[in-house]
Amino acid sequence: MPKGDYPSIGEYAEAQKKLGSCLPEFRATMVKSVQIGSTFGVPFGIYVAWRQHGTQLKPFLGKSFATWLTSTLTFTCLGLMGGVYNCLRVKFE
C-alpha cells in the first residue's frame with residue numbers, strides 16, 4: 001500500500017481478524033493505569049486535604065477521598081485511551 005494511502009474498512013477488519021484479540025494487553029494497560037492513579041492519588045489527596053482543611057476530620061476525609069477518586073479516574077481514562085489506541089492500531093506494509 002503506498003504511503004499516505006489509507007486502508008478500506010474491509011481491509012482493516014481483515015487485518016484485525018488476522019491479529020486476533022488484544023484483550024490481555026488491554027487489561028494490563030488498564031490495571032497499570034489504575035495502580036498508578038491510586039498510588040499517586042492517595043498521597044496527593046492527603047496533601048491537598050491537609051493544606052485546605054487542616055486537622056478537621058470530616059472535611060479532611062471528604063477532600064482526601066474526592067481527590068484520590070479524581071486522580072484514579074483520570075489515570076484510568078488515560079489508560080483506556082492508550083489501550084484502545086494500541087488495540088486498534090494496525091501496521092500495513
Side-chain angles (χ1 to χ4, degrees):
M1 193 162 51
K3 226 172 181 50
D5 198 12
Y6 296 100
S8 69
I9 294 175
E11 292 170 335
Y12 181 78
E14 185 178 317
Q16 283 288 19
K17 284 182 186 176
K18 287 180 185 176
L19 288 175
S21 175
C22 65
L23 188 59
E25 294 88 3
F26 182 77
R27 277 192 185 146
T29 302
M30 290 302 297
V31 167
K32 189 173 184 178
S33 64
V34 169
Q35 287 174 344
I36 290 171
S38 297
T39 302
F40 291 118
V42 170
F44 182 64
I46 291 170
Y47 173 75
V48 167
W50 176 70
R51 294 295 289 171
Q52 289 188 356
H53 297 292
T55 55
Q56 299 171 0
L57 186 60
K58 192 172 181 180
F60 178 82
L61 291 177
K63 181 68 80 169
S64 295
F65 178 74
T67 306
W68 168 76
L69 183 65
T70 304
S71 300
T72 303
L73 289 175
T74 300
F75 277 94
T76 301
C77 289
L78 290 173
L80 181 66
M81 289 188 302
V84 169
Y85 174 76
N86 286 334
C87 281
L88 295 180
R89 184 177 56 192
V90 175
K91 294 179 182 175
F92 289 96
E93 296 177 13

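Just so it is clear, the model here is predicted, and its values are computed rather than measured.
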So does L23 have more than 12 non-hydrogen atoms from other groups sitting under 6.0 Å from CG?
yes
Let me check something: do W68 and L73 share a hydrophobic cluster, defined by ILVMFWY side-chain heavy atoms less than 4.5 Å apart, either directly or through other members?
yes
Closest non-hydrogen contact found for V48 with T67 is CG1-OG1, 4.1 Å
Residue pairs meeting ring-ring contact (aromatic ring centres under 6.0 Å, His included), one or both in residues 35-64, sequence neighbours left out, come to none
How long is the gap from OH on Y85 to OG1 on T29, to the nearest 0.5 Å?
13.5 Å
Can you measure from CG (L69) to OG1 (T74) and round to the nearest 0.5 angstrom?
9.0 Å
Distance (rounded to the nearest 0.5 Å) between F65 CZ and I46 CD1
13.0 Å
Closest approach of T76 to S33 (non-hydrogen atoms, all atoms of both residues):
CA-OG, 3.9 Å
Shared hydrophobic cluster, L61 / V42 (ILVMFWY, side-chain heavy atoms < 4.5 Å)
yes
Inter-residue atom distance R27.CZ - M30.CE, 0.5 Å rounding
11.5 Å
